[in-house]
Amino acid sequence: MKNSDIKLLGADNALIAQTAAEALADSEAGAPALSVKDISGNSGAKTYVCLDGDIPRCIVKVQSGGGIMDSHPNTAARVSAAATVMRAEGIAPPVIMKGADFHVEASAGTSVMKDFFHFDEALAPPAALAELLAKLHALPIDWYAPLKDQFLKRDPTIATILKDAPEHAPCWCLPWTGLDTGMPVLGVGNPNAETAKKILALELETGVFGKIMLHPAFQPTSEAARRQVVVHNDFKPDNVLRDPETGALTAIDYDLVQVGPAVMDFGLPYMMWLGARFTTYEFRQTFIRDYLSAAGLPSDDADVKAMMLDCEVNTVVAFPGLLSNIYDAEVPLLRGVKHPTAKAGVEAGSPDDSPTGLELVDLLAEAVQKVRADEALIDRALRDGLVVTLFN
């Protein structure tokens, strides 16, 4: 790996391309002429793909230090530890240059995205995606325990709330709890760090944080869903690449990687590309069966059904769920409380408005429990989606 003492924060595309070419010069025939495309999300770090014609050669990631996901030392420690494990296991591409505020990693291939909500199945067959997810979930997890302890020490109030929470509870999902940084990821545009901190403070003050985190109705029941694994937390079409020579798939973007219950890696997909809005019941059933088989877990009809139901329930409390709606930055469970991301006429803004956030938790918990207790409702939830079933 090459080292550099330059900084790339605020650099133009020409300097990004020049730096990437220098990083590649050791392994390529000379320094290629590269074009640069900014593929950054809204969480802080700047990400650029560098291409030789249409072929991606490397990724340049520049730390801005000003966003929710890259402004806290806990985040830096977690991402570094996760990437180290994933690279050691051959899951993540190697780093070929390290700079003062950036790194350059080898390209893992070309996009398999048909559009934001769909994979191109010719490039990324569902069975191969299920196998990739199972492979991620087989990575070592011992690196995470000391980090989790560190996260809990950050805020004694949260630590007290979560001290008896089982390890499979949804409270351990970092992006929307803000457990590690005090700044939950809030959604489209990701409001600034101070806004995120105010949101978390209100969630704690109103009691909705602890209530939904600890309610058993939202916790998975199957062993497959509960088991502790390395969770990608952002497994979606634009975060999977394909090696054009071997056809191998690789998951990229490790900003949200952590350890937690396996079901956490299904709540987001169920809301973004795998759920009833996007696929058929038969597709999901086959995908879950392929995943369980690839993970070496029981995969008969009962096992598949139990895992699918846990996936549906997880959509209520997943990263794009009630505490941090990633599509519009609203916080549904602060309904009834004036909060920074509330939209006039959309989110209830008075304590007299009903249902409030606390009431919503009770209503949703009761609804989920009714579904779990009724075979006909379970079947409807698995076929139509839990949210659609609740509406109907």
N/O donor-acceptor pairs under 3.5 Å from side chains in residues 12-19, not counting sequence neighbours:
| residue | atom | partner | partner atom | Å |
| --- | --- | --- | --- | --- |
| Asp12 | OD1 | Ala14 | N | 3.3 |
| Asp12 | OD1 | Leu15 | N | 2.9 |
| Gln18 | NE2 | Glu22 | OE2 | 3.4 |
| Thr19 | OG1 | Leu15 | O | 2.8 |

TODO: Any chance you could lay out the salt bridge (charged side-chain N to carboxylate O under 4.0 Å, His left out) test for Arg154 and Asp180, step after step, and finish with the verdict?
DONE: CA-CA 7 Å; Arg154 185 196 61 80; Asp180 55 341; over 6 Å; no
message = Working note: Asp290 + Leu292, criterion side chain to side chain contact (heavy atoms under 4.5 Å, CB included); need CA distance, chi angles, decisive distance, verdict.
response = CA-CA 6 Å; Asp290 287 342; Leu292 293 174; over 6 Å; no
Would Val231 and Val259 count as a side chain to side chain contact (heavy atoms under 4.5 Å, CB included) here? Give the steps. CA-CA 5 Å; Val231 176; Val259 170; over 6 Å; no
For this session: List the steps, then state whether side chain to side chain contact (heavy atoms under 4.5 Å, CB included) holds for Gln369 with His215.
Result: CA-CA 11 Å; Gln369 289 165 332; His215 204 299; 3.9 Å; yes
- Taking it one step at a time, do Asp384 and Thr389 satisfy side chain to side chain donor-acceptor pair (under 3.5 Å)? CA-CA 6 Å; Asp384 302 335; Thr389 299; 4.8 Å; no
- Start with the C-alpha gap between Arg380 and Ile378, add the side-chain angles, then the distance that decides, and say whether side chain to side chain contact (heavy atoms under 4.5 Å, CB included) holds. CA-CA 5 Å; Arg380 287 178 63 182; Ile378 289 174; over 6 Å; no
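When side chains are defined from C-beta on, His137 does not count as touching Leu139, because their heavy atoms never get closer than 4.5 Å. Under the 4.5 Å side-chain criterion, counting only non-hydrogen atoms from C-beta, Pro175 is in contact with Gln258. The side-chain heavy atoms of Leu204 and Ile158, taken from C-beta on, include a pair separated by under 4.5 Å. Side chains of Lys198 and Thr195 form no contact here, defined as non-hydrogen atoms less than 4.5 Å apart. Contact annotation: the side chain of Val387 never approaches that of Leu390 to less than 4.5 Å [non-hydrogen atoms, C-beta and beyond]. With a 4.5 Å cut-off on side-chain heavy atoms, Pro140 and Glu89 count as touching. Between Tyr144 and Phe151, the closest side-chain pair of non-hydrogen atoms falls below 4.5 Å. Within the 4.5 Å cutoff, side-chain heavy atoms of Ile199 are placed close to those of Pro340.
Side-chain contact annotation: His232 with Tyr254, donor-acceptor N/O pair under 3.5 Å absent. Side-chain atoms of Thr75 and Thr181 form no donor-acceptor pair, as typed in the model, at a separation below 3.5 Å.
When atom types are taken as modelled, the side chain of Asp243 and the backbone of Thr246 share a donor-acceptor pair closer than 3.5 angstrom. Side-chain N or O atoms of Arg226 include one that pairs as donor or acceptor with a backbone N or O of Pro220 at under 3.5 Å. Checked by atom type and distance alone, the side chain of His72 pairs as donor or acceptor with a backbone atom of Asn74 at under 3.5 Å. No donor-acceptor distance shorter than 3.5 angstrom exists from the side chain of Trp176 to the backbone of Cys171, with no hydrogens or angles considered. Proximity of a side-chain donor or acceptor of Thr279 to a complementary backbone N or O of Ala276 within less than 3.5 Å is not detected. Of the possible donor and acceptor atoms, none in the side chain of Gln219 sits under 3.5 Å from a partner among the backbone N and O of Pro166. Without hydrogens or angle criteria, Gln228 side chain to Glu167 main chain gives a donor-acceptor distance under 3.5 Å. The main-chain N or O of Lys114 is never found under 3.5 Å from a side-chain atom of Asp120 such that the two would form a donor-acceptor pair. The backbone N or O of Val257 lies less than 3.5 Å from no partner atom in the side chain of Asn233, so there is not a single donor-acceptor pair.
Between Ile252 and Asp238 the shortest heavy-atom distance is CD1-O, 4.2 Å. Of all the heavy atoms in Val60 and Cys50, the pair that sits closest is CG2-SG, 3.8 Å. Scanning both residues, Leu382 and Arg284, for their nearest heavy atoms gives O-NH2, 2.8 Å. Annotation for Thr206 and Leu358: closest pair O-CD1, 3.5 Å, computed over non-hydrogen atoms. Summarising the geometry of Val229 relative to Pro261, their closest heavy-atom pair is CG2-C, 4.5 Å, with the distance given to 0.1 Å. When all heavy atoms are compared, the tightest approach of Ile288 to Tyr270 is CG1-OH, 4.1 Å.
Using cut-offs of 30° and 60° for the angle between ring planes, the Phe278 and His118 rings count as perpendicular.
Interatomic distance, CG of Leu274 versus CZ of Phe117, reported as 13.5 Å (0.5 Å rounding). Taken to the nearest 0.5 Å, the CG atom of Asp362 stands 8.0 Å off from the CD atom of Glu359. Here the CD1 atom belonging to Ile212 is positioned 7.0 Å from the CG atom belonging to Leu364, to the nearest 0.5 angstrom. Atom-to-atom distance recorded for Cys311:SG and Leu386:CG is 11.5 Å, nearest 0.5 angstrom. Taking CE from Met307 and CZ from Phe287, the interatomic distance works out to 9.5 Å, rounded to the nearest 0.5 Å. Within the model, atoms NE2 of His103 and OG of Ser4 stand 14.0 Å from one another, a figure rounded to the nearest 0.5 Å.
Ion pair Lys370/Glu366 flagged as a salt bridge, since at least one NZ, NE, NH1 or NH2 atom sits closer than 4.0 Å to an Asp/Glu carboxylate oxygen. At a threshold of 4.0 Å, the pair Glu375-Lys305 counts as salt-bridged, since one of the basic side-chain nitrogens sits closer than that to a carboxylate oxygen. Between Asp379 and Arg383, at least one side-chain nitrogen of the basic residue sits less than 4.0 Å from a carboxylate oxygen of the acidic one, meeting the salt-bridge criterion. The pair Lys46-Asp101 fails the salt-bridge criterion, with no side-chain N (NZ, NE, NH1 or NH2) lying under 4.0 Å from an Asp/Glu carboxylate O. The residues Lys236 and Asp253 are annotated as not salt-bridged, no charged nitrogen and carboxylate oxygen being separated by less than 4.0 angstrom. Using a cut-off of 4.0 Å between Lys/Arg side-chain N and Asp/Glu carboxylate O, Arg289 and Asp301 are scored as salt-bridged. Electrostatic pairing of Arg87 and Glu105 counts as a salt bridge here, judged by a charged N lying under 4.0 Å from a carboxylate O.
Residue Leu8 is not grouped with residue Val95 when hydrophobic side chains (ILVMFWY) are merged at heavy-atom distances under 4.5 angstrom, including chains of intermediate members. Criterion: ILVMFWY side-chain heavy atoms under 4.5 Å apart, direct or through other members. Under it, Val104 and Leu9 are part of a common hydrophobic cluster. Connection of Tyr281 to Val313 is established within a shared hydrophobic cluster, with ILVMFWY side chains joined at heavy-atom distances below 4.5 Å, either directly or through further cluster members. No continuous path of hydrophobic side-chain contacts links Val240 to Met113 [ILVMFWY only; heavy atoms under 4.5 Å].
Few gaps surround CG on Asn392; more than 12 heavy atoms of other groups in view lie less than 6.0 Å from it. In Lys211, the NZ atom is crowded: over 12 heavy atoms of neighbouring residues, nucleotides or ligands sit closer than 6.0 Å. Within 6.0 Å of the CD atom in Glu245, the count of heavy atoms belonging to other residues, nucleotides or ligands does not exceed 12. Counting heavy atoms of neighbouring residues, nucleotides and ligands inside a 6.0 Å radius, atom CD of Glu131 does not exceed 12 of them.
No close placement of the Phe235 and Phe266 rings is indicated, their centers lying 6.0 Å or farther apart. Taking the ring centroids of Phe283 and Trp273, they lie at or beyond the 6.0 Å cut-off.
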